[in-house]
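Remarks on the structure that follows.
Whatever order the structure lists them in is the order used to number ligands and atoms, beginning at 1. These values consider heavy atoms only, across backbone and side chains, with no hydrogens, waters or symmetry-generated copies.
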Amino acid sequence: MSYFESVKSLKIKENPLIMGIETSCDETAVAIIRNGREILSDEIISSATEHAKFGGVVPEIASRAHTDAILTATENALKNAGLKLSDIDAFAVTEGAGLLGALLVGVSFAKALAFSENKSLVPVSHIRGHIAASYLADKTLEPPFITILASGGHTAIIEVKDYYTHRVLGSTIDDAVGEAFDKVARVLGLPYPGGPNVERLSKNGKNVVPLPKMLSHYDGGEYDFSYSGLKTAVINYVHNKTEKGEEIVKEDIAKSFTCAAIDVLVEKAFKALKETGYKTLTVSGGVGANAYLRESLTDRAKKEGVRLILPEKRYCTDNGAMIGAEGYLQYRRGNFADLNLNAKAVIPL
Ligand code: KG4
Ligand code: ZN
């Protein structure tokens with residue numbers, strides 16, 4: 001019997017132990033999740049500092065770092081959960097989107113584990129993984145809800161109708177919001193990763209730099225975003241001031257950019273809540289860690305009587321637990337891969 005035939009005949013368990021493996025970018029992350037909601041262990045080994053001197057993630061360095069770290073991350077995840085490899089019911093792995101070479105490390109590793117243990121191999125979309133982090137943040141959360149997906153690669157307002165049906169109400173027509181944070185960080189001379197550094201600087205800044213109000217003159221989809229113009233406006237502002245020998249207040253630029261980038265996300269998310277009649281909002285993705293976004297959402301949710309789910313910052317940025325949580329949902333409906341599973345650089349939202 002082939003591997004696939006033999007795992008297909010395994011019974012799908014009610015309360016499975018799922019290992020979530022994530023290697024799409026610069027975090028090698030392995031977690032063990034019980035019953036889709038409970039984190040038993042959660043290991044993250046980041047190669048961010050190795051990329052810092054290049055100002056962004058270097059794919060080849062990321063792939064090599066995953067190769068170095070994946071066994072340690074897996075062994076630690078098992079040890080900290082007090083489990084053996086044979087206790088795991090399914091191996092869930094990010095199949096995309098992300099850096100191809102980096103993804104291949106996780107996919108190959110997960111295949112080897114699934115094959116050797118004769119357990120299911122569950123392919124997981126990184127984007128759906130980010131959304132599933134909310135199920136770990138609040139064990140009682142059930143769809144429907146609206147989520148703000150805001151990461152380094154994606155920006156969208158998504159209607160989560162049920163565990164498996166997601167509708168994209170709108171998304172960015174150019175750059176992602178996290179990408180804009182990273183580029184603005186660069187022009188301000190801040191190291192990679194940009195988002196947390198812009199946030200640090202913005203804490204002492206004022207929202208006084210004139211920047212374009214996003215989409216005020218864009219007549220595309222009402223839930224769409226455009227971050228390229230905002231990013232260019234910041235770059236032009238810095239260059240013009242510098243050329244004229246005028247002083248720039250980096251803290252104010254960071255604050256003004258943050259407000260312009262975030263306010264529109266908040267605005268559109270609450271518009272989506274109003275239109276759908278949903279009463280629950282969550283955030284998904286690295287920019288969800290941003291303090292200004294979290295404060296703005298908290299204030300607004302309180303005023304409008306909306307239930308807000310904010311995953312801890314660690315579960316907004318890339319992690320294995322979210323892959324385990326989404327892996328659980330895919331496991332329950334028997335979405336298993338064969339050993340010819342391949343990594344995908346791009347995956348539809
Ligand atoms: O979700 P994530 O870890 O990886 C992707 O799937 O892209 O998101 C990474 C992005 C980066 O662009 C990073 O600068 C941004 O999230 N980010 C932040 C913060 N922490 C991470 N942006 C703003 N404020 C933060 N505190
Ligand atoms: Zn991510």
Side-chain angles (χ1 to χ4, degrees), residues 20-29 31 44-48 51-52 55-57 59 62 93-99 102-103 106 124-134 147-156 158 171-172 175-188 190-203 205 227 230-231 234 254-266 282-297 310-323 325-326 344-347 349:
I21 300 172
E22 154 64 36
T23 65
S24 69
C25 192
D26 57 347
E27 262 95 34
T28 313
I44 301 177
I45 302 175
S46 176
S47 61
H51 305 287
V57 177
V93 63
T94 306
E95 61 168 336
L99 303 169
L103 288 163
V124 170
S125 144
H126 184 82
I127 303 152
R128 282 182 177 258
H130 272 305
I131 297 171
S134 294
T147 192
I148 302 174
L149 171 65
S151 71
H154 297 91
T155 309
I158 297 178
S171 59
T172 181
D175 294 352
V177 59
E179 197 181 346
F181 266 94
D182 294 335
K183 286 181 180 158
V184 164
R186 248 175 124 144
V187 79
L188 295 179
L190 302 170
Y192 172 85
N197 287 312
V198 171
E199 176 176 328
R200 222 162 286 137
L201 206 61
S202 72
K203 288 200 170 129
Y227 280 98
L230 176 60
K231 168 201 72 188
V234 174
K255 178 69 182 182
S256 307
F257 163 76
T258 300
C259 292
I262 298 293
D263 288 347
V264 64
L265 286 171
V266 176
T282 81
V283 295
S284 323
V287 181
N290 184 269
Y292 176 73
L293 173 63
R294 297 170 80 91
E295 284 156 20
S296 305
L297 290 174
L310 293 175
E312 273 174 48
K313 293 182 182 190
R314 179 185 175 90
Y315 298 113
C316 290
T317 49
D318 293 348
N319 64 86
M322 69 185 204
I323 302 305
E326 176 62 18
K344 297 164 186 70
V346 180
I347 257 186
L349 267 186

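- In the model, T147 has a side-chain atom that pairs as donor or acceptor with a side-chain atom of S284 under 3.5 Å.
- Neither the backbone nor the side chain of E27 comes within contact range of ligand 1; no heavy atom lies under 4.0 Å.
- Looking at Y192, its side chain never comes within 3.5 Å of a backbone N or O of A48 through a donor-acceptor pair.
- Summarising the geometry, atom CD1 belonging to I148 is positioned 14.5 Å from atom NE2 belonging to H130; distances are rounded to the nearest 0.5 Å.
- In terms of protein heavy-atom proximity, atom 19 (C) of ligand 1 is nearest to G286 O, 3.7 Å.
- A donor-acceptor pair under 3.5 Å links the side-chain atoms of N197 to the main chain of P191, judged by distance alone.
- For atom 14 (O) of ligand 1, the nearest protein heavy atom (residue, atom name, distance) is D182 OD1, 2.6 Å.
- In terms of modelled atom types and a separation under 3.5 Å, the side chain of T155 and the main chain of V177 share a donor-acceptor contact.
- Neither the backbone nor the side chain of H154 has a heavy atom within less than 4.0 Å of ligand 1.
- Contact atoms of ligand 1 toward G152: 5 (C), 7 (O), 8 (O), 9 (C), 10 (C), 12 (O) (distance under 4.0 Å to a heavy atom of the residue).
- Looking only at distances, no side-chain donor or acceptor of D26 sits under 3.5 Å from a matching main-chain atom of S47.
- R186 CZ: 12 or fewer foreign heavy atoms inside a 6.0 Å radius.
- Remark: side-chain polar atoms of E27 are not paired, donor with acceptor, to backbone N or O of E22 under 3.5 angstrom.
- Per-residue contacts place G153 under 4.0 angstrom from the following atoms of ligand 1 (heavy atoms of the residue considered): 7 (O).
- The distance from ligand 1 to the heavy atoms of G178 drops below 4.0 Å at these ligand atoms: 12 (O).
- In this structure, the protein non-hydrogen atom closest to atom 18 (C) of ligand 1 is G195 CA, 3.5 Å.
- Taken to the nearest 0.5 Å, the CZ atom of F181 stands 13.0 Å off from the CG atom of D175.
- Near H126, with a cut-off below 4.0 Å to any heavy atom, the atoms of ligand 1 are 6 (O).
- Among all non-hydrogen protein atoms, the one lying nearest atom 2 (P) of ligand 1 is D318 OD1, 3.3 Å.
- Between the side chain of S151 and the backbone N or O of G153 there is at least one donor-acceptor pair closer than 3.5 Å.
- Within the listing of ligand 1, atoms 24 (N), 25 (C), 26 (N) sit less than 4.0 angstrom from a heavy atom of E199.
- Using a 4.0 Å heavy-atom cutoff, P196 is listed among the residues neighbouring ligand 1.
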Residues L103, T94; criterion side chain to side chain contact (heavy atoms under 4.5 Å, CB included); working and verdict: CA-CA 7 Å; L103 288 163; T94 306; 3.8 Å; yes
R294/C316 under side chain to side chain contact (heavy atoms under 4.5 Å, CB included): CA gap, chis, key distance, verdict: CA-CA 11 Å; R294 297 170 80 91; C316 290; 3.6 Å; yes
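- The protein atom (non-hydrogen) at minimum distance from atom 24 (N) of ligand 1 is N290 ND2, 3.0 Å.
- For atom 15 (C) of ligand 1, the closest non-hydrogen atom on the protein side is V287 CG2, 4.0 Å.
- Below the 2.8 Å limit, the Zn ion (ligand 2) has as protein N, O or S neighbours H126 NE2, H130 NE2, D318 OD1.
- A donor-acceptor contact shorter than 3.5 Å is absent between the side chain of T23 and the backbone of T28.
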